[in-house]
Amino acid sequence: MEVAQVLHMNGGVGDASYANNSLVQQKVICLTKPIREEAIRSLYCSTHPRSLAIADLGCSSGPNTLFVVSEFIKIVEKLCRELNHKSPEYKVFLNDLPGNDFNNIFKSLDSFKEKLCDEMESGIGPCYFSGVPGSFYGRVFPYQSLHFVHSSYSLQWLSKVPEGVDNNKGNVYIGSTSPKNVVRAYYEQFQRDFSLFLKCRAEELVEGGRMVLTFLGRRSDDPSSKDGCYIWELLATALSDMVLQGIIREEQLDTFNIPQYTPSPSEVKLEVLKEGSFAINRLEVSEVNWNALDEWNALDFESERSESLSDGGYNVAQCMRAVAEPMLISHFGEAIIEEVFCRYQQILAERMSKEKTKFINVTILLTRKA
């Protein structure tokens, strides 16, 4: 699997698009707002820059893409009013892999800027937006060109499927039946990737620059624990059922592994300390229900959508489809997709009716050392 080619969220604004199935990710961004606010305020108050460069890595497309950018600008503008400073200029860099739906983002920029200006009645500083396609497991920006880096629900994705996982039979990720060598291969790939990520960002951030990173992770120190891999085990169950019925070949399932690793807080901390360029200001764990609508009261959905939205299995299957469909199509072909997610929805609904199911989030606030 060429990760850079097939790892992207479903584009557009259709029923299976990421834009319409990213409520979990939005909930996580809202949960981690206090950490970002602390980072932005301390950054501005310690530097008072005339120009601020912000990068969102793994920006995807849809309503969440400009959520953090909007929040950043509002916090800085409020600080400027308090301190009687002139508004800075904002350089906003939106990064994702080349398959991302950047066109959808660009189409929304004019309305985004208009809305932001309306909300900030006394106006805002000039904003300049750039799309930056490319893997963040390498240099993406010039030396010391950034003040603030944000990434949410992107760094759990690896640069590639680890080597040496051919014996991970019947699984699509680390599972309870995965051999020890598979678990080790995934962890070592995460170590290499995250270490490289930190090294590259250390070169791109100015001294004192801030970075807020949120991973889909786990609480447990055991990589094969349910809180890190259960949702993928259930997808493997759906695929295994289709193998038993002869719909897909067994070797197709046995050769499909996703390029992801859900780290624990201690694993994230260890790589930061080993790389050495950043001070750790905060490291926190939060959680959100698989079905974000269980606890999401702030949004007013149209009545005609209420029936499907009340179906937890449907919601979670659609959320996972928006993320996983391009990878599944690349490996299994398009013909099986509807069947896979129909089965997956039923399995999810059954499990969710019997147990509490949550995503675990690991968030870290870092400062570039002098």
Flag, side chain of [X] to backbone of [Y], donor-acceptor distance under 3.5 Å:
X	Y	answer
Arg368	Gly208	no
Ser178	Asn168	no
Thr237	Glu233	yes
Asp193	Ser159	yes
Asp254	Gly170	yes
Ser154	Ser151	no
Glu204	Leu146	no
His150	Leu213	no

Original post:
Looking at Thr262, Ile231, Asp227, which one forms a side-chain contact (heavy atoms from CB on, under 4.5 Å) with Phe359?
Top reply: Ile231
Side chains of [X] and [Y]: closer than 4.5 Å at any heavy-atom pair?
X	Y	value
Cys80	Pro88	yes
Phe256	Tyr173	no
Phe67	Lys33	no
Tyr44	Ser46	no
Gln189	Lys160	yes
Ser277	Lys199	no
Asn100	Ser60	yes
Ile364	Glu284	no

Original post:
How are the rings of Tyr187 and Tyr261 set relative to one another: parallel (under 30°), tilted (30 to 60°) or perpendicular (over 60°)?
Top reply: tilted
**OP:** For the pair Phe136 and Phe197, name the ring-plane relationship: parallel under 30°, tilted 30 to 60°, perpendicular over 60°.
**Re:** perpendicular
Rounded distance (nearest 0.5 Å) linking atom [atom1] of [X] with atom [atom2] of [Y]:
X	Y	atom1	atom2	result
Phe112	Thr65	CZ	OG1	10.5 Å
Lys226	Ile360	NZ	CD1	12.5 Å
Ile73	Cys127	CD1	SG	4.0 Å
Ile75	Glu38	CD1	CD	11.0 Å
Asn257	Leu158	CG	CG	11.0 Å

**OP:** Please lay out, stage by stage, how Tyr137 and Arg192 fare under the test side chain to side chain donor-acceptor pair (under 3.5 Å).
**Re:** CA-CA 10 Å; Tyr137 294 124; Arg192 284 190 294 272; over 6 Å; no
State whether [X] and [Y] are salt-bridged, where the test is any N-O pair (Lys NZ or Arg NE/NH1/NH2 against Asp/Glu carboxylate O) under 4.0 Å.
X	Y	value
Lys369	Glu207	no
Glu82	Arg41	yes
Glu338	Arg343	no

Original post:
Would Lys115 and Glu119 satisfy salt bridge (Lys or Arg N to Asp or Glu O under 4.0 Å), going step by step from the backbone distance to the final call?
Top reply: CA-CA 6 Å; Lys115 183 169 180 280; Glu119 289 173 1; 2.9 Å; yes
**OP:** Give a yes or no on whether Lys113 atom NZ has more than 12 heavy-atom contacts from other residues, nucleotides or ligands under 6.0 Å away.
**Re:** yes
**OP:** Measure centre to centre between the rings of Phe215 and Phe194, then say whether the value is under 6.0 Å.
**Re:** yes
**OP:** Mind running side chain to side chain donor-acceptor pair (under 3.5 Å) on Asn181 and Asn167 for me, showing each step along the way?
**Re:** CA-CA 9 Å; Asn181 71 287; Asn167 59 334; 2.9 Å; yes
Subject >> Asn361 vs Tyr153, side chain to side chain donor-acceptor pair (under 3.5 Å): CA-CA, chis, key distance, verdict >> reply: CA-CA 8 Å; Asn361 319 303; Tyr153 264 39; 2.4 Å; yes
**OP:** Please step through side chain to side chain donor-acceptor pair (under 3.5 Å) for the pair Tyr186 and Gln191, ending with a clear verdict.
**Re:** CA-CA 9 Å; Tyr186 266 100; Gln191 288 181 300; over 6 Å; no
**OP:** Run the numbers on Glu71 and Lys74 for salt bridge (Lys or Arg N to Asp or Glu O under 4.0 Å), then give the verdict.
**Re:** CA-CA 5 Å; Glu71 173 189 275; Lys74 286 176 184 176; over 6 Å; no
**OP:** Evaluate the salt bridge (Lys or Arg N to Asp or Glu O under 4.0 Å) criterion for residues Glu267 and Arg218: first the C-alpha distance (whole Å), next the side-chain angles of each, then the deciding distance (0.1 Å), finally the verdict.
**Re:** CA-CA 10 Å; Glu267 288 171 344; Arg218 65 181 200 278; 2.8 Å; yes
